[in-house]
**Student:** 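Submitted below is the structure of interest, expressed as structure tokens.
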Amino acid sequence: MQYWLMKTEPSEYSIDDLKRDKVEHWDGVRNYQARNMMRADMKKGDLAFLYHSNCDEIGIVGLMTVAREGYVDHTAFDKKDKHYDPKSDKDNPRWIMVDVRYKRKLKRTITLAELKQHKKLVDFQLVQRGNRLSIMPVSKNDWDFILTLE
DNA sequence: GCCAACGTTGGC
DNA sequence: GCCAACGTTGGC
């Protein structure tokens, strides 16, 4: 059982969209590190924070579970898709996605600014300089601590 | 809108 | 394999 944090821009897809959809495939990840984690490490039943980036209130907004383990991201083959990748070969697909299931919204947004203030979280990847990964692991200690802030 | 950080591409 | 140029992310 592992813990994760997954970023999304709420203008593209938000916690409320996931609440409505209940289960959604997490397509469009075009970063090898993130892909490798989805392919090898994310297991059904793992818990994840949903994080809103690039918006007015940046931070962790909800919880979800991994509903389906890594499988081919078909949007890479769709010329009309925003995340179309001409280099991904159908016989040897380059990109992977998982399905996530809505669990609940947090009572409030735990903002990035707030997370940065806690000494306990100095090793949390999210608050480290230059971090750009859209999917990252969260240690159990950090996970538990962050939930006490809610 | 700016820009630092970082990933990817492609010439050599 | 190196590295400069370029593109993207994402906070501010």
Side-chain angles (χ1 to χ4, degrees), chain A residues 2-21 24-42 46-66 69-100 102-139 141-150:
Chain A
Q2 279 193 265
Y3 301 89
W4 304 93
L5 179 141
M6 299 167 84
K7 294 181 185 173
T8 181
E9 300 191 14
S11 59
E12 299 284 323
Y13 196 80
S14 74
I15 184 72
D16 291 320
D17 293 325
L18 184 63
K19 184 177 184 182
R20 177 199 62 213
D21 298 337
E24 183 60 293
H25 48 269
W26 204 259
D27 64 83
V29 174
R30 298 290 180 267
N31 170 281
Y32 289 106
Q33 261 184 283
R35 191 251 349 234
N36 292 346
M37 285 187 276
M38 285 197 289
R39 189 167 62 184
D41 303 324
M42 286 185 110
D46 281 359
L47 282 162
F49 287 132
L50 185 65
Y51 175 89
H52 280 175
S53 68
N54 249 320
C55 58
D56 288 341
E57 200 176 28
I58 297 162
I60 296 168
V61 293
L63 305 181
M64 51 197 189
T65 56
V66 176
E69 294 174 14
Y71 62 109
V72 174
D73 181 348
H74 58 82
T75 65
F77 307 125
D78 181 359
K79 280 200 175 74
K80 292 191 291 283
D81 193 274
K82 190 182 169 190
H83 303 287
Y84 172 64
D85 181 2
K87 290 180 192 148
S88 187
D89 179 357
K90 272 193 175 162
D91 295 327
N92 185 20
R94 183 180 286 204
W95 302 115
I96 293 289
M97 62 187 177
V98 297
D99 286 355
V100 292
Y102 175 81
K103 187 171 171 70
R104 68 176 177 89
K105 270 174 98 160
L106 296 190
K107 295 182 202 109
R108 65 181 187 89
T109 301
I110 301 173
T111 65
L112 177 63
E114 182 182 348
L115 292 168
K116 281 180 170 171
Q117 285 170 11
H118 290 285
K119 286 211 177 75
K120 272 195 155 191
L121 296 176
V122 286
D123 292 327
F124 186 28
Q125 270 194 48
L126 182 74
V127 303
Q128 284 170 6
R129 220 164 64 105
N131 164 67
R132 285 172 40 189
L133 268 183
S134 64
I135 296 176
M136 68 188 74
V138 181
S139 71
N141 278 346
D142 289 349
W143 177 276
D144 290 342
F145 177 71
I146 289 163
L147 281 180
T148 67
L149 302 173
E150 186 181 358

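In what follows, chains are A, B, ... by sequence order, proteins preceding strands, each numbered from 1. These numbers were taken from a predicted model, which means no experiment stands behind them.
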**Student:** Side-chain atoms of residues 116-124 of chain A: list all donor-acceptor pairs with protein atoms under 3.5 Å, sequence neighbours left out, distances to 0.1 Å.
**Tutor:**
none

**Student:** Going 5' to 3' through nucleotides 4-10 of chain B, assign each nucleotide B (protein heavy atom under 4.0 Å from a base atom), S (under 4.0 Å only from sugar-phosphate atoms) or - (no protein heavy atom that close).
**Tutor:** -BBSSS-
**Student:** Could you list the residues that satisfy side-chain contact (heavy atoms from CB on, under 4.5 Å) with A:Asp78, not counting sequence neighbours?
**Tutor:** A:Lys80, A:Asp81
**Student:** Just wondering, do A:Trp143 and A:Leu5 contact through their side chains at under 4.5 Å, heavy atoms?
**Tutor:** no
**Student:** When the distance from CG of A:Leu133 to P of C:dG11 is rounded to whole Å, what number comes out?
**Tutor:** 13 Å
**Student:** Whole angstroms only, please: what is the CG-P distance between A:Asp56 and C:dC12?
**Tutor:** 13 Å
**Student:** If the condition is salt bridge (charged side-chain N to carboxylate O under 4.0 Å, His left out), which residues does A:Arg35 pass it with, not counting sequence neighbours?
**Tutor:** none
**Student:** How far does the helix from B:dG1-C:dC12 to B:dC12-C:dG1 bend, going by the axes of its first and last five pairs, to the nearest 10°?
**Tutor:** 10°
**Student:** Not counting sequence neighbours, which residues clear salt bridge (charged side-chain N to carboxylate O under 4.0 Å, His left out) with A:Asp16? List them please.
**Tutor:** A:Lys105
**Student:** Would you please name every residue forming a side-chain hydrogen bond (donor to acceptor under 3.5 Å, both in side chains) with A:Tyr32, sequence neighbours left out?
**Tutor:** A:Arg94
**Student:** With sequence neighbours excluded, what pairs up with A:Glu57 under the salt bridge (charged side-chain N to carboxylate O under 4.0 Å, His left out) test?
**Tutor:** none
**Student:** Among residues 106-125 of chain A, which ones have heavy-atom contacts with DNA chain B below 4.0 Å?
**Tutor:** none
**Student:** Please name all residues satisfying ring-ring contact (aromatic ring centres under 6.0 Å, His included) with A:Tyr71, sequence neighbours left out, ordered by chain then number.
**Tutor:** none
**Student:** Return the set of residues passing salt bridge (charged side-chain N to carboxylate O under 4.0 Å, His left out) with A:Arg20 (not counting sequence neighbours), or none when no residue passes.
**Tutor:** A:Asp17
**Student:** The criterion is side-chain contact (heavy atoms from CB on, under 4.5 Å); which residues satisfy it with A:Asn141, sequence neighbours excluded?
**Tutor:** A:Ser139
